[in-house]
Protein chains: 2
Amino acid sequence: MDDWLKDSVEVEASWVTVDLAIFTIRDDQLMVLLIERGLEPFLGRPALPGGYVQKNETLRDGALRELREEAGIDGGRLHLEQLGAYGDPQRDPRGRVVTVAYLALGPDLPAPVGGTDARRAYWAPVSQLTDEAEVLAFDHLAILSDALEEIRRKIEYTAVATAFCGESFTLSELRTVYEVIWGEDLDPSNFRRKALNTIGFVQPTGERWHPPTGRPANLYRRGSAWLLSPPLLRGTGNAA
Amino acid sequence: MDDWLKDSVEVEASWVTVDLAIFTIRDDQLMVLLIERGLEPFLGRPALPGGYVQKNETLRDGALRELREEAGIDGGRLHLEQLGAYGDPQRDPRGRVVTVAYLALGPDLPAPVGGTDARRAYWAPVSQLTDEAEVLAFDHLAILSDALEEIRRKIEYTAVATAFCGESFTLSELRTVYEVIWGEDLDPSNFRRKALNTIGFVQPTGERWHPPTGRPANLYRRGSAWLLSPPLLRGTGNAA
DNA sequence: GAGCGTTTAAGTCAATATGACCTTTAGGGG
DNA sequence: CCCCTAAAGGTCATATTGACTTAAACGCTC
């Protein structure tokens, strides 16, 4: 960490953090996990959980650690993928902090608890955030928007929607995931046909689940395919 | 940059770089721009162009600057998007260096010239790299693989393929982009039908281009739509 | 300027997928 | 047993696809 800097006086070291956009579905609503900041800057303001990447961990490991420390969630059960890096020089008043945002999706998760530098952690319905433009700390609203867009697009052509369900699930459950995320109703019958015709998307477990009332539903688990072909295209623009 | 570190001795500052995976199509081949490193580590080895993010620039600005400095390319003419962050602690022998990879796509670009810490810059056919596993510096082969996958997927449902064409182009040109990137032939007639039926994908300029021999072709420019609906699904799995 | 090769443009058609419905099945509870 | 409910499984007109064929518009050559 020495000679390669000589001709480049404008370079300086940065702090690298990870931030997590953790989503789940609760009461037919898409929820994101927020913390109330317990430290300056933005003390008391809502923010995405996150923290500094440590010396000898990968970015992903850092994300998993923060998941555990700040949200009390075991990362093994949920889907975690990188969203991108956010490095505007003005994004953090303390100086140059580049954050790597991660997207985490899981089935109805336990009520979170606060962590080290979070006063408390809670699930916030996504619909309100974007409408009311609640003042999230840093550029976390932008990260959240990007995360949402990514999810909406990605459930079309990958099996990532299954990450919101438990180990096994009914097709109605899976359909509800799509409905909640896209904010539109889908025809149950047509959804079933598409889901079952998309090879490797879901796999019957052989077991059934008995709803409070009505005919029992077959249970499925995620199939072997990650990329869906054909994809489940949303709404009107699905003429392909 | 002070108090927030106290309880976290494992944190250290990092260097942040940007690396560029710049693609173009030349002679019906997908090419990526590589440099021969002029500095240690990996001196003399091929690598993606890139460099340190400077004090007061955004990540994107850093990418644009490196594009200019290392490859002699004006970023205004090409498509630039972030691919993701790579931060394995072992990825750089000098220490903790987190790099943010950018994907750049452009029409047949001028022969590049070497820059500051690049001995020379050249276009390398992508097909050879992956086959022969030429020893790229750092984790640049992984970045390149991710970039390729991203392109192959993204031309399905966005208009990004037009970034490989000039301001105006024929449908044959556009089809060739898909053929080169996917490595499979497409039916010209069906491709035309799909491209023209996908609203906002391409827009006729009214002008025509006269090939060396054969019927003149209509010229098109990019339409207003970025997301394609319906998408142009590749190959066999397009039953949606 | 008729014929030829070549490339773009446009049309045909059977097979398939889609979207909007409707019907049947399998429970639970009164 | 009958009714209510949710899942599962049709039906059918319409739209899209993939594989092919046909027509149009050039430059060239003779």
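Just so you know, these numbers use all the heavy atoms, side chains as well, and skip hydrogens, waters and symmetry mates. We name chains A, B, ... by the order of the sequence lines, and we start the count at 1 in each one. Given the structure is predicted, the values throughout are model-derived calculations rather than measurements.
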Engineer: In whole angstrom, what separates A:Glu179's CD from D:dA6's C1'?
Structural biologist: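 That distance rounds to 14 Å.
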Engineer: In whole Å, what is the span from the CG atom of A:Leu233 to the P atom of D:dA15?
Structural biologist: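 Those two atoms, CG and P, are 18 Å apart.
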Engineer: Please report, rounded to the nearest Å, how far the P atom of C:dA17 is from the CZ atom of A:Arg192.
Structural biologist: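 For the pair A:Arg192 CZ and C:dA17 P, the rounded distance is 18 Å.
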Engineer: Tell me the interatomic distance from A:Phe191, atom CZ, to C:dA20, atom P, rounded to whole angstroms.
Structural biologist: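 Between P of C:dA20 and CZ of A:Phe191: 16 Å.
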Engineer: I want to confirm an ordering. Mapping B:Ser189 and B:Thr170 to their closest nucleotides on DNA chain C, which one lands closer to the 5' end?
Structural biologist: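 Nearer the 5' end of the strand: B:Thr170.
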Engineer: Given B:Thr170 and B:Asn218, is the side-chain contact (heavy atoms from CB on, under 4.5 Å) satisfied, shown in steps?
Structural biologist: CA-CA 6 Å; B:Thr170 68; B:Asn218 293 334; over 6 Å; no
Engineer: Does B:Ser172 have a side-chain nitrogen or oxygen under 4.0 Å from the phosphate oxygens OP1 or OP2 of C:dT8?
Structural biologist: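 Yes, such a contact exists.
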Engineer: C:dA17 P sits how many Å from A:Leu232 CG, rounded?
Structural biologist: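 It is 14 Å, rounded to the nearest whole Å.
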Engineer: Expressed as a whole number of angstroms, how long is the span from B:Leu196:CG to C:dT8:C1'?
Structural biologist: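 Between C1' of C:dT8 and CG of B:Leu196: 12 Å.
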Engineer: I'd like to know if the side chain of A:Thr205 and the backbone of A:Arg221 have a donor-acceptor N/O pair within less than 3.5 Å.
Structural biologist: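 Pair absent, no side-chain N/O of A:Thr205 close to backbone of A:Arg221.
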Engineer: Determine, stepwise, if the pair A:Tyr178 / A:Phe191 fulfils ring pair (Phe, Tyr, Trp, His ring centres under 6.0 Å).
Structural biologist: CA-CA 10 Å; A:Tyr178 280 89; A:Phe191 179 83; 5.5 Å; yes
Engineer: Using 30° and 60° as the class boundaries, would you call the ring planes of A:His140 and A:Phe138 parallel, tilted or perpendicular?
Structural biologist: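 Rings of A:His140 and A:Phe138: tilted, 30 to 60°.
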Engineer: Anything under 3.5 Å between a protein N or O and an N or O of nucleotides 12-14 of chain C, put it in a table, one pair a line.
Structural biologist:
none

Engineer: Under 4.5 Å between any side-chain heavy atoms of B:Met31 and B:Ile25, yes or no?
Structural biologist: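 Side-chain contact under 4.5 Å: no.
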Engineer: Does C:dT18 have OP1 or OP2 under 4.0 Å away from a side-chain N or O of A:Lys194?
Structural biologist: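 Yes, within the criterion.
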Engineer: In whole Å, what is the span from the CG atom of B:Asp187 to the C1' atom of D:dT16?
Structural biologist: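 Taking CG of B:Asp187 and C1' of D:dT16, I get 14 Å after rounding.
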Engineer: Salt-bridge test for A:Glu167 and A:Arg222: reply yes if a basic N is under 4.0 Å from a carboxylate O, no otherwise.
Structural biologist: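 No salt bridge links A:Glu167 with A:Arg222.
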Engineer: Can you confirm whether A:Leu174 sits close enough to A:Phe201 that some side-chain heavy atom of one is under 4.5 Å from a side-chain heavy atom of the other?
Structural biologist: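 Sidechains of A:Phe201 and A:Leu174: in contact.
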Engineer: Validate the cation-pi geometry between A:Arg153 and A:Tyr157: distance from NZ or CZ to the six-membered ring centre under 6.0 Å, angle to the ring axis within 45°.
Structural biologist: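 No - A:Arg153 does not lie over the ring of A:Tyr157 by the 6.0 Å and 45° rule.
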Engineer: Partners of A:Arg91 by salt bridge (Lys or Arg N to Asp or Glu O under 4.0 Å), sequence neighbours excluded?
Structural biologist: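 A:Arg91 satisfies salt bridge (Lys or Arg N to Asp or Glu O under 4.0 Å) with A:Asp19, A:Asp139 only.
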Engineer: Give, ordered by number, those residues of residues 206-223 of chain B having at least one heavy-atom distance below 4.0 Å to an atom of DNA chain D; if nothing qualifies, reply none.
Structural biologist: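 Heavy-atom contacts with DNA chain D come from B:Arg208, B:Pro212, B:Gly214, B:Arg215, B:Pro216.
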Engineer: Please report, rounded to the nearest Å, how far the P atom of D:dT17 is from the CD atom of B:Glu156.
Structural biologist: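 One finds 13 Å between P of D:dT17 and CD of B:Glu156, rounded.
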